[in-house]
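Taking it in order: structure first as structure tokens, then the write-up.
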Amino acid sequence: MKALHEIVNMEMTVRVRFAPSPTGALHIGGIRTALYNYLYARQHKGVFVLRIEDTDQVRYVPGAEEYILEALAWVGLIPDEGVGFGGSYGPYRQSERKAIYYKYAHDLIERGKAYYAFDTPEELDAAREREPNFAYNYWTRERMRNSLTMKPSEVENLLRNGAPYVIRLRVEPGQDILVHDLIRGEVVFQSSELDDKVLLKADGMPTYHLANIVDDYLMRITHVIRGEEWLPSTAHHVLLYRAFGWEAHMPRFAHLPLILRPEGQGKLSKRDGVRFGFPVFPLSWKGATPEENFLGFREAGFLPQAVLNFLALLGWHPGGEQEVFTLEEMVNLFSLEHVSKSGARFDYDKAKWFNQRYILATDNTTLAQLIRPLAEKKGYRTDLPYLERVVALMKERVTLLTDFVEEGYYLFEPVRTYDDEAIQKRWNPALKPALEAIAERILTLQPFDAVTLEASIKALLQEQQLKVGEVLPILRLALVGTMKGPSVFDTIALLGPTETTERLRRGVAYFLQCQRSHVP
RNA sequence: GGCCCGUUCGUCUAGGGGUUAGGACGCAUCCCUUUCACGGAUGAAACACGGGUUCGAUUCCCGUACGGGCUGCCA
């Protein structure tokens with residue numbers, strides 16, 4: 001018998017789902033949940049389903065669904081089935097499955113597992129106010145207005161007259177509910193502690209609890225991989241599978257640790273992003289008001305693979321000392337057993353480090369294409385050959401894609417600001433002739449490349465008995481305004497003779513002026 | 001308050017009855033270097049606490065503390 005069960009399990013293709021709710025921008029934690037689901041599905045040659053849980057009419061936000069699809073596409077977690085991807089278990093948008101939930105909720109009533117409740121929200125509020133720990137359950141429901149306490153004729157009357165009602169799960173005390181969580185092991189609940197959860201709301205929409213059980217069953221979901229915030233309600237979900245008689249088809253559960261805010265307490269929220277100045281969303285989101293605008297990892301200059309790698313390791317590690325993994329490697333190595341149980345703090349520094357690693361590992365042609373739109377937005381030149389050269393010079397010094405055009409702005413436009421402190425330290429009027437000589441020599445230099453430039457300039461300095469370490473820093477300051485940046489010779493080679501001499505001229509003028517204003 | 005989950009360097013984590021408790025981020029120092037970075041080297045830095053079990057617990061068990069989640073006609 002057991003062997004048979006195992007064989008059935010083995011042959012059952014894994015089907016997991018990512019089921020976000022379109023109530024705004026998809027949080028980065030949602031992306032991680034999607035990632036783990038995706039990894040699990042791919043590893044088991046299974047199916048990754050995208051289901052949209054839009055049963056809350058009030059919190060529905062237009063554009064949120066499109067955002068979810070775009071975010072998944074950006075990070076490359078493409079569903080096999082679901083909203084926007086087809087499949088034979090649809091529709092995959094819960095608002096389009098209203099009739100299904102209605103039917104199943106009423107089935108439960110017929111089986112005596114659920115009941116009608118006519119208490120208004122106001123009445124419930126009042127009850128909660130009267131009793132601080134009020135729960136609608138086995139002990140309190142007899143004082144409430146529901147089909148368990150009212151006369152059948154009265155209930156029928158209310159129903160016929162279209163009185164608003166909800167359907168509640170009838171939770172009977174005295175049952176042990178055992179959840180075998182793939183990450184946490186056995187978790188036990190007592191039904192006596194559970195309330196009679198609303199299954200169908202007065203507007204005819206199901207609650208999450210009903211919808212997720214009905215859909216997971218109908219969509220043949222085998223593994224539910226979701227956030228830890230769902231662990232407590234899993235007890236209700238088990239009860240629902242029992243009530244429907246589907247316990248044998250109940251999926252396996254795995255509850256993921258939460259992503260915590262970088263400091264302080266609580267889970268990471270969208271507010272933390274604006275507070276600490278880093279993205280907590282995959283893509284930027286334009287809200288109705290400026291306070292509801294949020295920065296995305298994409299717009300902040302992250303590579304999607306870096307984001308995935310970072311998120312993957314926020315709560316999972318295969319063991320060993322490797323930190324950088326391709327998606328394919330993650331698919332091969334992933335296992336729920338290696339997902340940690342405790343919450344993980346969001347570490348933006350680590351995220352940036354991953355991005356730096358991925359930029360370094362990305363070829364120049366690809367990077368040039370990636371920064372092209374950024375250059376375009378700034379009004380910079382956008383020809384790929386030039387961008388590739390910029391990338392080659394800057395890639396070891398950036399952490400974000402945006403750094404190419406921010407940190408390296410001087411490769412596209414004249415120096416905006418000079419580092420006065422460095423000028424104070426490096427400038428010496430005696431250096432003026434040297435810079436002028438360099439400018440002059442550069443004009444006729446052939447070929448105009450870094451190697452030739454270095455040889456030529458160093459020779460010139462030697463002729464004039466000047467130290468390289470004395471002249472190069474001030475040369476750099478004239479060219480780019482700062483002490484940071486790529487090799488001076490590489491920079492000159494990229495800027496070209498005309499631009500270089502112009503910058504030297506401007507630089508010297510600035511240094512002289514700087515010097516004057518600093519002499520007491 | 002009740003229920004549930006958790007606890008290894010500041011952070012992400014590896015490990016697991018006997019280890020110099022490993023790696024990574026960040027930090028510090030040094031090397032390389034015209035600068036910054038990259039790269040290399042080194043360093044500071046952890047098993048929450050108390051009881052058991054055991055020859056021996058950071059590892060297993062129980063408490064406590066602390067943290068987190070849930071407690072909605074939200075998901």
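From a predicted model like this one, the values you see are computed outputs, not experimental measurements.
As rounded to whole Å, 14 Å separates atom P of rU34(B) from atom CD1 of I457(A). Atom CG in L260(A) sits roughly 8 Å away from atom C1' in rG67(B) (whole-Å rounding). In this structure, the CZ atom of F18(A) is 12 Å from the C1' atom of rA75(B), given to the nearest Å. Rounded to whole angstrom, the span from the CG atom of D490(A) across to the C1' atom of rC38(B) amounts to 14 Å.
Checked by atom type, the side-chain pair T234(A)/R226(A) shows a donor-acceptor distance below 3.5 Å. For H236(A) and D195(A), the side-chain atoms include at least one donor-acceptor pair closer than 3.5 Å. If you check the side chains of D215(A) and Y101(A), you find a donor sitting under 3.5 Å from an acceptor.
Under a 3.5 Å cut-off, the side chain of N37(A) and the backbone N or O of I225(A) do form a donor-acceptor pair. No side-chain donor-acceptor contact under 3.5 Å links T399(A) to the backbone of Q356(A).
Residue-to-nucleotide proximity on RNA chain B shows that, of L124(A) and S342(A), the 5′-proximal contact is made by S342(A). Mapping R168(A) and E186(A) onto RNA chain B via the closest heavy atom, the residue that lands nearer the 5' end is E186(A).
When distances run from any side-chain atom of L258(A) to the nucleotides rC38(B), rC4(B), rG68(B), the shortest one goes to rG68(B). When distances are taken from the side chain of K350(A) to each of rU34(B), rC12(B), rC5(B), the shortest belongs to rC12(B). Comparing rC73(B), rU35(B), rC5(B) by their nearest atom to the side chain of K201(A) picks out rC73(B). Checking rG15(B), rU13(B), rC25(B) against every side-chain atom of S340(A), the shortest atom distance belongs to rU13(B). The side chain of E193(A) has rC3(B) as its nearest neighbour among rG26(B), rC3(B), rA75(B). Comparing atom distances between the R128(A) side chain and each of rC74(B), rU35(B), rG72(B) picks out rG72(B) as nearest. Closest approach to the P232(A) side chain among rC70(B), rC73(B), rC4(B) is made by rC70(B) (side chain taken as heavy atoms from C-beta onward).
Here rA14(B) sits opposite no nucleotide as a Watson-Crick or G-U wobble pair (both hydrogen-bonding atom distances under 3.5 Å). rC36(B): no Watson-Crick or G-U partner with both key distances under 3.5 Å is found in any strand. Pair assignment for rU7(B) gives rA65(B), based on Watson-Crick or G-U wobble hydrogen-bonding distances that are each under 3.5 Å.
If you check every strand for non-hydrogen atoms under 4.0 Å, Q356(A) touches sugar and phosphate atoms only. Across all strands shown, K267(A) has heavy atoms under 4.0 Å from sugar-phosphate atoms exclusively, and none from any base. Counting any heavy atom pair closer than 4.0 Å across all strands shown, R345(A) reaches sugar-phosphate atoms only and no base atom. When heavy atoms are screened at a 4.0 angstrom cut-off, V166(A) is found touching base atoms of the nucleic acid. E323(A) comes within contact range of at least one nucleobase, with a heavy-atom separation under 4.0 Å.
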